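Just so it is clear, the model here is predicted, and its values are computed rather than measured. These values consider heavy atoms only, across backbone and side chains, with no hydrogens, waters or symmetry-generated copies.
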Amino acid sequence: MTQHDNSVHGSHDRAAQAPDVAGTGAGPGLGTGHDAATVVGVVGGGTMGRGIAETALRGGCAVILCDTSEAGRNGAKQRIESALGPVGDRLELVADTSALARCRMVFEAVPEILELKTTVLGSIEEHVSAETVIATNTSSIPITRLAATLSHPERFVGLHFFNPVPKMPLVELVPAESTSEGTREQVQRFAEDVLGKRTFVVGDRPGFVVNALLIPYLLSAARMYDADYASAEVIDEAMVLSCGLPIGPLALADFIGLDVLCDVADAMHAETGDPALVVPETLRTFVAEGTLGRKSGSGFFPYNA
């Protein structure tokens with residue numbers, strides 16, 4: 001999924017107070033019988049976006065899912081309903097962020113590309129109300145850098161989910177320097193009480209906690225493969241059998257998506273210059289050839305497409 005939106009940043013005057021996400025402010029709901037406080041938006045219908053949408057639906061929310069691709073929207077709905085069954089008017093599919101005006105919280109979940117995220121976030125801010133919290137699912141880009149592009153950064157925060165979102169219990173809550181304490185508290189309460197997640201508040205550093213540890217590990221395994229240390233099978237089995245891990249690093253890279261791994265590593269390397277975050281050549285070649293892991297049918301290992 002590639003999310004593009006040509007809207008320019010808005011100039012609406014917004015309240016500096018943190019929005020009351022858990023409140024019962026007046027406003028139109030989604031469909032019939034939904035209070036505005038239950039309506040959340042998700043921008044991006046890919047793996048993470050549809051996972052966030054599914055989790056919000058499981059928590060009793062109504063969801064407006066925005067993706068510019070019709071195939072992306074329909075594919076997301078199909079995957080969500082295969083997990084939940086028919087959701088009726090609790091899920092609305094839209095192509096433009098202007099439809100998010102009814103939302104009390106919006107999650108941005110587009111690919112890990114700085115310019116794309118800033119464009120999408122600006123478009124979200126242009127259309128949502130003063131009562132709306134905006135959260136990014138970035139896994140590597142500093143939240144303060146994204147916040148600096150917004151007119152009202154006090155109601156913006158990072159909320160990093162893990163794949164598969166409905167099953168993984170952890171989220172990293174990452175306030176920017178400008179995030180208000182009220183916004184942080186409300187988003188934490190929403191993540192825990194509505195989405196059922198365990199929330200760790202972490203510092204705004206490239207990769208936060210999990211990816212700062214995970215991405216160098218995965219790239220190190222890819223380098224070993226690149227340098228012919230051992231086969232992919234041996235590298236993974238060695239880590240599973242010696243460290244008690246449920247999955248080896250190369251199979252995990254395939255599950256994440258090799259293109260996603262490259263994007264996250266590149267974003268973290270741009271911030272830190274850490275040589276451990278340089279993507280190995282074989283991994284670049286895989287991505288250029290469309291060998292992306294499980295989702296494409298092959299990566300370090302073959303899969304049934």
| said: For a side-chain contact (heavy atoms from CB on, under 4.5 Å) check, start with the C-alpha distance between Met105 and Val187, then their side-chain angles and the critical distance, and finish with the verdict. | reply: CA-CA 9 Å; Met105 177 178 287; Val187 172; 3.9 Å; yes

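- We find that Arg155 and Glu131 are not joined by a salt bridge, their nearest charged nitrogen and carboxylate oxygen being 4.0 Å or further apart.
- In summary, the side chains of Thr144 and Glu177 do not present any donor paired with an acceptor at a separation below 3.5 Å, with no hydrogens or angles considered.
- The side-chain heavy atoms of Glu112 and Ile141, taken from C-beta on, include a pair separated by under 4.5 Å.
- Note that NZ of Lys197 and CG of Leu173 are 14.0 Å apart. Values are rounded to the nearest 0.5 Å.
- The line from CG of Asn304 to OG of Ser298 is 11.5 Å long, rounded to the nearest 0.5 Å.
- Linking Ile, Leu, Val, Met, Phe, Trp and Tyr residues whenever their side-chain heavy atoms come within less than 4.5 Å places Leu245 and Leu252 in a single cluster.
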Next on the checklist: Before you tell me yes or no, could you show the steps for Val194 and Cys61 under side-chain contact (heavy atoms from CB on, under 4.5 Å), namely the whole-Å CA-CA distance, both residues' side-chain angles and the distance that decides it to 0.1 Å?
Outcome noted: CA-CA 8 Å; Val194 178; Cys61 298; 3.6 Å; yes

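- Of the charged side-chain nitrogens involved, none lies within less than 4.0 Å of a carboxylate oxygen, so that Arg205 and Glu271 do not count as a salt-bridged pair.
- The existence of a salt bridge linking Asp67 and Lys77 is excluded, since no basic side-chain nitrogen approaches an acidic carboxylate oxygen closer than 4.0 Å.
- With 3.5 Å as the limit, one finds no donor-acceptor pair spanning the side chains of Thr118 and Thr149.
- Here the closest heavy-atom approach between residue Ala221 and residue Ile235 is recorded as O-CD1, 4.0 Å.
- Residues Val240 and Leu218 fall into different hydrophobic clusters, defined by Ile, Leu, Val, Met, Phe, Trp and Tyr side chains chained together at heavy-atom separations under 4.5 Å.
- In this structure, Val63 and Ala56 approach most closely via the heavy-atom pair CG2-CB, 3.8 Å.
- Within a 6.0 Å radius of CZ in Arg184, more than 12 heavy atoms belonging to other residues, nucleotides or ligands are found.
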**Q.** From CA spacing to verdict: ring-ring contact (aromatic ring centres under 6.0 Å, His included), Phe200, Phe208
**A.** CA-CA 11 Å; Phe200 289 168; Phe208 315 130; over 10 Å; no

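- With salt bridges taken as basic N to acidic carboxylate O contacts below 4.0 Å, one links Arg102 and Glu92.
- Ile247 and Leu250 end up in the same hydrophobic cluster when Ile, Leu, Val, Met, Phe, Trp and Tyr side chains are linked at under 4.5 Å.
- Residues Leu195 and Thr55 approach most closely at O-CG2, 3.8 Å, considering heavy atoms.
- At a threshold of 4.5 Å between non-hydrogen side-chain atoms, the residues Val43 and Val110 count as touching.
- Note: Phe190 and Phe107 have tilted aromatic rings, judged against thresholds of 30 and 60 degrees for the angle between ring planes.
- Checking Thr282 against Thr285 by side-chain atom types alone, no donor-acceptor pair falls below 3.5 Å.
- Inter-residue side-chain proximity for Leu114 and Leu146 is flagged as met; some heavy-atom pair is nearer than 4.5 Å.
- Residues Val40 and Arg104 have side chains not in contact (no heavy-atom distance under 4.5 Å, counting atoms from C-beta outward).
- Using a 4.5 Å heavy-atom threshold, the side chains of Glu70 and Leu93 count as separate.
- A salt bridge links Arg58 with Glu54: at least one charged nitrogen is closer than 4.0 Å to a carboxylate oxygen.
- A salt bridge does not link Asp254 with Lys295: none of the charged nitrogens is closer than 4.0 Å to a carboxylate oxygen.
- Atom-to-atom distance recorded for Glu192:CD and Thr199:OG1 is 4.0 Å, nearest 0.5 angstrom.
- A distance-only check finds no donor-acceptor pair linking the side chain of Arg198 to the backbone of Val171 [under 3.5 Å].
- If you check the side chains of His127 and Ser98, you find no donor sitting under 3.5 Å from an acceptor.
- The CG atom of Asp263 sits 8.5 Å away from atom OG of Ser140, with the distance rounded to the nearest 0.5 Å.
- Considering OG of Ser296 and CG of Asp259, their distance stands at 8.5 Å, rounded to 0.5 Å.
- Linking Ile, Leu, Val, Met, Phe, Trp and Tyr whenever their side-chain heavy atoms come within less than 4.5 Å puts Tyr217 and Met268 in one cluster.
- Between Leu219 and Ala276, the shortest heavy-atom contact is CD1-O, 3.5 Å.
- Considering only heavy atoms from C-beta on, Leu91 comes within 4.5 Å of Leu65 through its side chain.
- Side-chain contact check for Thr47 and Asn163: no donor-acceptor pair (N or O, by modelled atom type) lies under 3.5 Å.
- What you find for Thr97 and Cys66 is that their closest heavy atoms are N-SG, 3.8 Å.
- Counting all heavy atoms, side chain and backbone alike, Val279 lies closest to Cys262 at CG1-SG, 3.6 Å.
- Leu84 and Ile52 fall within the same hydrophobic cluster, where Ile, Leu, Val, Met, Phe, Trp and Tyr residues are linked whenever their side-chain heavy atoms come under 4.5 Å apart, directly or through other members.
- Pro164 places a side-chain heavy atom less than 4.5 Å from the side chain of Phe255.
- Using modelled atom types, no side-chain atom of Glu172 and backbone atom of Leu159 make a donor-acceptor pair closer than 3.5 Å.
- Side-chain atoms of Glu108 and Thr136 form a donor-acceptor pair, as typed in the model, at a separation below 3.5 Å.
- Between Arg284 and Glu281, none of the side-chain N atoms (NZ, or NE/NH1/NH2) sits under 4.0 Å from a carboxylate O, so this pair counts as no salt bridge.
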Next on the checklist: I'd like to know whether Arg73 forms a side-chain contact (heavy atoms from CB on, under 4.5 Å) with Val94, so could you lay out the CA-CA distance, the side-chain angles of the two residues, the decisive distance to 0.1 Å, and finally the verdict.
Outcome noted: CA-CA 8 Å; Arg73 295 192 299 274; Val94 301; 5.7 Å; no

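- Relative orientation of the Tyr303 and Phe301 rings is perpendicular, given thresholds of 30° and 60° on the angle between their planes.
- Considering only heavy atoms from C-beta on, Glu81 comes within 4.5 Å of Val87 through its side chain.
- In this structure, CD1 in Ile64 is found 13.0 Å from CZ in Arg90, a value given to the nearest 0.5 Å.
- Side-chain atoms of Asn137 come within 3.5 Å of backbone N or O of Phe161 as a donor-acceptor pair.
- Of the N and O atoms on the side chains of Thr179 and Glu154, not one donor lies less than 3.5 Å from an acceptor on the other residue.
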Review point. Could you go step by step and tell me if Leu292 and Val287 meet the side-chain contact (heavy atoms from CB on, under 4.5 Å) rule?
Key: CA-CA 6 Å; Leu292 307 179; Val287 172; 4.2 Å; yes

